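Predicted, not measured: the structure shown is a model, and the values here were computed from it.
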Amino acid sequence: MRLPNKVISYNESIISKFPIILNLLKSKDYKVMELYEKLKADLDIECFIETLDCLFALGKIVIDYKARRIHYVV
């Protein structure tokens with residue numbers, strides 16, 4: 001997990017990617033692959049998955065298993 005420290009700057013860390021994903025999810029819910037397709041120019045797959053993991057652990061997103069979509073928790 002890429003967290004900011006002496007070697008990894010904030011801009012290179014996954015924490016800086018939180019607003020990118022959350023801003024997209026504010027407008028509508030996405031399937032995981034739809035969201036990745038929108039963000040693949042900005043994020044590699046490893047960073048994308050780590051960022052989703054952290055947002056889920058922090059309670060900022062939830063997964064609707066029936067609809068298979070990620071939802072932003074207000």
Side-chain angles (χ1 to χ4, degrees):
M1 186 173 302
R2 292 181 262 178
L3 296 174
N5 58 34
K6 290 181 181 179
V7 178
I8 299 172
S9 70
Y10 172 79
N11 291 333
E12 295 171 343
S13 73
I14 62 169
I15 295 173
S16 68
K17 311 308 186 235
F18 289 0
I20 297 169
I21 291 176
L22 292 177
N23 285 334
L24 280 175
L25 290 173
K26 281 182 184 177
S27 60
K28 73 174 206 170
D29 297 346
Y30 284 94
K31 290 185 177 184
V32 175
M33 284 307 297
E34 289 174 343
L35 186 60
Y36 179 67
E37 287 297 321
K38 285 202 164 270
L39 297 172
K40 71 180 179 181
D42 299 323
L43 305 172
D44 61 12
I45 189 72
E46 180 184 353
C47 185
F48 176 73
I49 296 298
E50 286 179 352
T51 306
L52 287 181
D53 281 345
C54 287
L55 288 171
F56 183 77
L58 291 169
K60 296 295 181 185
I61 61 173
V62 293
I63 301 170
D64 182 355
Y65 291 103
K66 289 188 180 189
R68 295 180 157 190
R69 296 193 175 272
I70 300 171
H71 177 73
Y72 175 63
V73 178
V74 179

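When all heavy atoms are compared, the tightest approach of Phe48 to Leu39 is CE1-CD1, 4.0 Å. Heavy atoms only, all atoms of each residue included: Ser27 and Leu24 are closest at OG-O, 2.9 Å. Contact between Ser16 and Ser13 at its shortest, heavy atoms only, is OG-O, 2.8 Å.
Cluster annotation: Ile61 is connected to Ile49 through the hydrophobic network of ILVMFWY side chains, with a link wherever side-chain heavy atoms come within less than 4.5 Å. At a threshold of 4.5 Å between side-chain heavy atoms, the hydrophobic network of Ile, Leu, Val, Met, Phe, Trp and Tyr places Ile20 and Val73 in two separate groups. Residues Ile8 and Leu3 are members of separate hydrophobic clusters, defined by side-chain heavy-atom contacts under 4.5 angstrom among Ile, Leu, Val, Met, Phe, Trp and Tyr. When hydrophobic clusters are built by joining Ile, Leu, Val, Met, Phe, Trp and Tyr residues whose side-chain heavy atoms come closer than 4.5 Å, directly or via intermediates, Tyr30 is not grouped with Val62. Tracing side-chain contacts under 4.5 Å through hydrophobic residues (I, L, V, M, F, W, Y), one reaches Ile21 starting from Ile63; they form part of the same cluster.
Contact of the Glu12 side chain with the Arg2 side chain is not registered, since no non-hydrogen atoms from C-beta on lie closer than 4.5 Å. The side-chain heavy atoms of Lys60 and Phe18, taken from C-beta on, include no pair separated by under 4.5 Å. Looking only at side-chain heavy atoms (C-beta outward), Asp29 and Asp64 stay at 4.5 Å or farther from each other.
One distance of note links CG of Leu35 with CG of Leu52; it measures 6.0 Å at 0.5 Å rounding. Atom CD of Glu50 sits about 11.0 Å away from atom CG of Leu43, to the nearest 0.5 Å. Separating the CE atom in Met33 from the NZ atom in Lys40 is a distance of 7.5 Å, to the nearest 0.5 Å.
Between the side chain of Lys17 and the backbone N or O of Asn11 there is at least one donor-acceptor pair closer than 3.5 Å.
Contacts of Glu46 classified as side chain to side chain donor-acceptor pair (under 3.5 Å), with partners at least two apart in sequence or in another chain: none.
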Report the C-alpha separation of Arg69 and Lys28 in whole Å, then their side-chain angles, then the decisive distance to 0.1 Å, and conclude whether the side chain to side chain contact (heavy atoms under 4.5 Å, CB included) test is met.
CA-CA 10 Å; Arg69 296 193 175 272; Lys28 73 174 206 170; 5.8 Å; no
